[in-house]
Structures are given as structure tokens and as C-alpha cells.
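Everything on this sheet refers to the single structure shown next.
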Amino acid sequence: MLERTFCHLKGIGNTTEAKIWESGVSHWNDILEGTDIPFSPAKVNELEIGCGESLKRLKEYDPIWFADRLPASDQWRLYPHFRKNIAYIDIETTGTDAHCCDITTIALWNGREVKTYVQGRNLHEFEEEIAKYQMIVSFNGKCFDVPFIEKYFGIKVKAAHIDLRFVFRSLGITGGLKGIEHYFGMDRGDAEGLDGYFAVLLWNEYEMSGNEKALETLLAYNVLDSVNLENLMIRGYNLHIERFPQHDLEPLSKVPEPLNPFKAHIDVVESIRRRYPSGGAFRKF
DNA sequence: CCCGTAGCAACGGGTCTCTT
DNA sequence: AAGAGACCCGTTGCTACGGG
């Protein structure tokens, strides 16, 4: 996919890229081998330099170089090439304002292992962990999770970042993470009906009364959100290549979801709902 | 509630193309 | 070879939306 991308190069927009494809080009190598394209010699020369550099950056596994140059609506093209080193992340906080609110828990799925971080326990270890990844996948993380993390830890997250909110938005699919999961018929099991606000209530319950079951329910919800990001990314990628002008691209197959190390406690959920009848997902009913 | 992102529309400026 | 016009990239300002 990436090897037929040109709109990350200076002076190449989507129109010019489409013209390149129409000339029968489907790989940077085609340009380097001198395939005839309808541009001035100066532009062709620039293109050759760009393709050479792109080949090198792909070989060196440098997703950040591409991410910095690709328009937001095309960041999904990076995915299959840099899957080996991805963190699917989701954070829970005490509210939406990064100036005054705390991070309570973080879930990170890297395709092999689920890692969780809890305030007052091991939250500080997240700083070292996130530095290991060259690519992040999130939902609305560009607006929420990453700025929050940067402010909270006082760090700069430099990884390439595919934000699924915008991957789906450019496909005309909106309605928030839960809405999109529902659109695809993805099951949330015991965490069905829980939302971000309910996560705040779960954290308060854990902090005020030391109820471990409340924390475990929160982590179950948090982990589910991060783990689901992988299959959502795959669905988003497949939808994008389906509507791509060239149809020889292989769709990615779904991956098995890892076992959630935490489980939601229905009794805790019910108890909180009784006390906050207007809170959380209860509002919907 | 608050905030950052990106899409849209409008526009400026640079480059390529076509004509003479 | 030069100039006018067409085309397209990239910027700016505005708005909608999603996170807990």
C-alpha cells in the first residue's frame, strides 16, 4: 500500500497522485525504472528523489517520517507496514480537562501482551513503556489521550499516530467509539453499556471505599477499549482499500482478541447505577 | 463541561501547458 | 521563446465532533 503512495512527497497532492496511478504506476520502483509519466523533467526528477528516499525510510522502519508527511486522511496507509511495533492505547481519567484532571488507568495492547497502569500503583511505568513504540493507534487520541499523557507525564510522544476517529470519519462513519463498534456488530460482553463517565464513577468508588472489584471492572472496560482498537483498525483499513482506485490490495484478516485479564463485576455496576441513576450509560434508558 | 484535530471553503501563489 | 491561462498545492479561518 505504502509503496504506491506519493502524496507524502513535496508538491504532490491527491490529484497529481491520481495522475501517477493512471499512468500505470503502482510502486515507487516504477518511477525509479523510468515509467513514462505526464510531468515536466524537473518534476520527474523530484519524484525520483522522493521515491528513493521513501524506499530507504520504509526499509529502515521509519513510520514517523511518513506520518509527518502524509495528510491525516491518508495515515491509514501506514498500518500494514508498521504493524510489528504498535501500541493500541486508551486512557481513563477523572474528567475531560487535562489542566485539572488526573489519569486513573491506562490500557496498552501491543498485539502480543496487554499491559495496564493504575494511578497510585504503577502508572509512572507507562512513560518508559510508551517510548518503546514507533506507532500508536487510538480513538480520538490525537485530541484527547496523547495531549493528556503529554501534559500529565511532561513528555512528548513522538510516535506516528493513527487516530481511528479520523480513519472512520473520512469513510463517513461517525458516532464515537461505541457507536462505531455497534455499527460493526462488535460485542462488548459484560462491559456493554459502560462509557467514559461511568469509568469515572468506578474510579471514585475504588478510591473512596477501596473496592477492588470497582477497579477491576474499570480495568476490564479499559482493556476492552484498547484491545478492540486492533480489529477496528483492520476494518477501517479494509474499507479504505475497498474504495481505493486500485483493486489488487489484499485485505487484512481479523485477529483473535486476547483474553481480558480482568472481568467486569455486574453487582458493582448495578450498585453504582442505583446510586447515580442519571450517570453513565444509564442516561440512555 | 474543554480542547485539539481535521474537513471545508476560499484564496494566493507557483508551476506547467498551450499557443503564437 | 515568451506570455496568458489553467491547474493544483498549501495556507488561513471557521465549524463540528469526540474523549472522561
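From a predicted model like this one, the values you see are computed outputs, not experimental measurements. Protein chains get the first letters and strands the later ones, always in sequence-line order, with residue 1 at the start of each. Below, all heavy atoms of this structure are taken into account, side chains as well, without hydrogens, waters or symmetry copies.
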Task: Side-chain donor-acceptor pair present, A/Gln75, A/Tyr79, cut-off under 3.5 Å - done: no
- [ ] Check the side chains of A/Thr105 and A/Asn222 for a donor-acceptor pair under 3.5 angstrom, ignoring hydrogens and angles.
- [x] yes
- [ ] Measure the distance from CH2 on A/Trp203 to C1' on C/dG20 and round it to the nearest whole Å.
- [x] 14 Å
- [ ] Specify the residue among A/Glu46 and A/Lys151 whose closest nucleotide of DNA chain B lies further upstream toward the 5′ end.
- [x] A/Lys151
Task: Rounded interatomic separation in angstrom, taking NZ from A/Lys10 and C1' from C/dC8 - done: 14 Å
Open item on the list: Using the side-chain heavy atoms of A/Ser40, tell me which of these nucleotides is nearest: B/dC16, C/dG20, C/dG18.
Closed with: B/dC16
Open item on the list: I'd like to know whether the aromatic ring centres of A/Tyr152 and A/Phe126 sit less than 6.0 Å apart in this structure.
Closed with: no
- [ ] Report the nucleotide, chosen from B/dC16, B/dA6, C/dG19, that has the shortest atom-to-atom distance to any side-chain atom of A/Ala72.
- [x] B/dA6
Open item on the list: Please pick, from B/dC2, B/dG4, B/dT17, the nucleotide with the shortest atom-to-atom distance to any side-chain atom of A/Asp97.
Closed with: B/dC2
Open item on the list: Closest-nucleotide mapping onto DNA chain B: is A/Asp163 or A/Phe39 further toward the 5' terminus? I mean the 5' end.
Closed with: A/Asp163
Open item on the list: Which nucleotide wins on minimum distance to the side chain of A/Thr16, given the candidates B/dG7, C/dC9, B/dA6?
Closed with: C/dC9
TODO: Report which part of the nucleic acid A/Asp90 touches: base, sugar-phosphate, or nothing (heavy-atom distance under 4.0 Å, all strands).
DONE: sugar-phosphate
TODO: Tell me whether the guanidinium CZ or amine NZ of A/Arg235 lies under 6.0 angstrom from the six-membered ring centre of A/Tyr183 and within 45° of its axis.
DONE: no
TODO: Using a strict 4.0 Å threshold on nitrogen-to-oxygen distance, state whether A/Asp74 and A/Arg69 make a salt bridge.
DONE: no
Task: Ion pair check, A/Arg77 and A/Glu17, cut-off under 4.0 Å - done: yes
Task: Closest nucleotide among B/dG4, C/dG20, B/dC16 to the A/Lys43 side chain - done: B/dC16
Open item on the list: By the 4.0 Å heavy-atom rule, please label A/Thr174 as base, sugar-phosphate, or nothing.
Closed with: sugar-phosphate
Task: Donor on one side chain, acceptor on other, A/Tyr88 and A/Asn110, under 3.5 Å - done: no
Task: Paired stretches of DNA chain C - 3 or more consecutive Watson-Crick or G-U pairs, each distance under 3.5 Å - done: B:2-20 with C:1-19
- [ ] With heavy atoms under 4.0 Å as the rule, sort A/Thr15 into base, sugar-phosphate or nothing.
- [x] sugar-phosphate
Task: A/Phe166 CZ to B/dG7 P, straight-line distance once rounded to whole Å - done: 8 Å
Task: Interatomic distance where NE2 belongs to A/His161 and C1' belongs to C/dG18 [whole Å] - done: 13 Å
Task: Residue list, side chain to side chain contact (heavy atoms under 4.5 Å, CB included) with A/Asp36, at least two apart or on another chain - done: none
Open item on the list: Distance check needed: C/dG18 C1' versus A/Ile173 CD1, whole Å only.
Closed with: 16 Å
- [ ] Please work out if A/Thr94 contacts a base, only the sugar-phosphate, or nothing of the nucleic acid, heavy-atom cut-off 4.0 Å.
- [x] nothing
Open item on the list: Given C/dG20, B/dG7, C/dG18, identify the nucleotide with an atom nearest to the side chain of A/Val200.
Closed with: C/dG20
Open item on the list: Rounded to whole Å, please give me the gap between CG in A/Leu47 and C1' in B/dT15.
Closed with: 15 Å
Open item on the list: Looking at A/His99, I'd like to know whether one of its side-chain N or O atoms comes within less than 4.0 Å of OP1 or OP2 on B/dC3.
Closed with: yes
Open item on the list: Would the base of C/dC17 count as contacting A/Arg169 through its side chain, where contact means a donor and an acceptor less than 3.5 Å apart?
Closed with: no
Open item on the list: Please report the distance, rounded to the nearest Å, between CD in A/Gln75 and P in B/dG7.
Closed with: 10 Å
- [ ] Please determine, for the side chain of A/Lys19, which listed nucleotide (C/dG20, C/dC8, B/dG7) has the closest atom?
- [x] C/dC8
Open item on the list: In this structure, how many angstroms lie between the P atom of C/dG10 and the CD1 atom of A/Ile12, rounded?
Closed with: 9 Å
Open item on the list: Any carboxylate oxygen within less than 4.0 angstrom of a Lys/Arg side-chain nitrogen, looking at A/Glu127 and A/Lys156?
Closed with: no
Open item on the list: We want to know whether A/Arg4 and A/Ser26 form a side-chain donor-acceptor pair, criterion being a heavy-atom distance below 3.5 angstrom.
Closed with: no
Task: For DNA chain C, the residues among residues 121-141 of chain A that have a non-hydrogen atom under 4.0 Å from it - done: A/Phe139, A/Asn140
Open item on the list: Is the distance between the ring centroids of A/Phe244 and A/Trp21 under 6.0 Å?
Closed with: yes
Task: Of the listed nucleotides B/dC3, C/dG20, B/dC16, the one nearest the side chain of A/Glu92 - done: C/dG20
TODO: Look at the side chain of A/Tyr221 and decide which nucleotide, out of B/dG7, C/dG20, C/dC7, has an atom nearest to it.
DONE: C/dG20
TODO: Would you mind telling me which of B/dC16, B/dA6, C/dG20 lies closest to the side-chain atoms of A/Ala42?
DONE: B/dC16
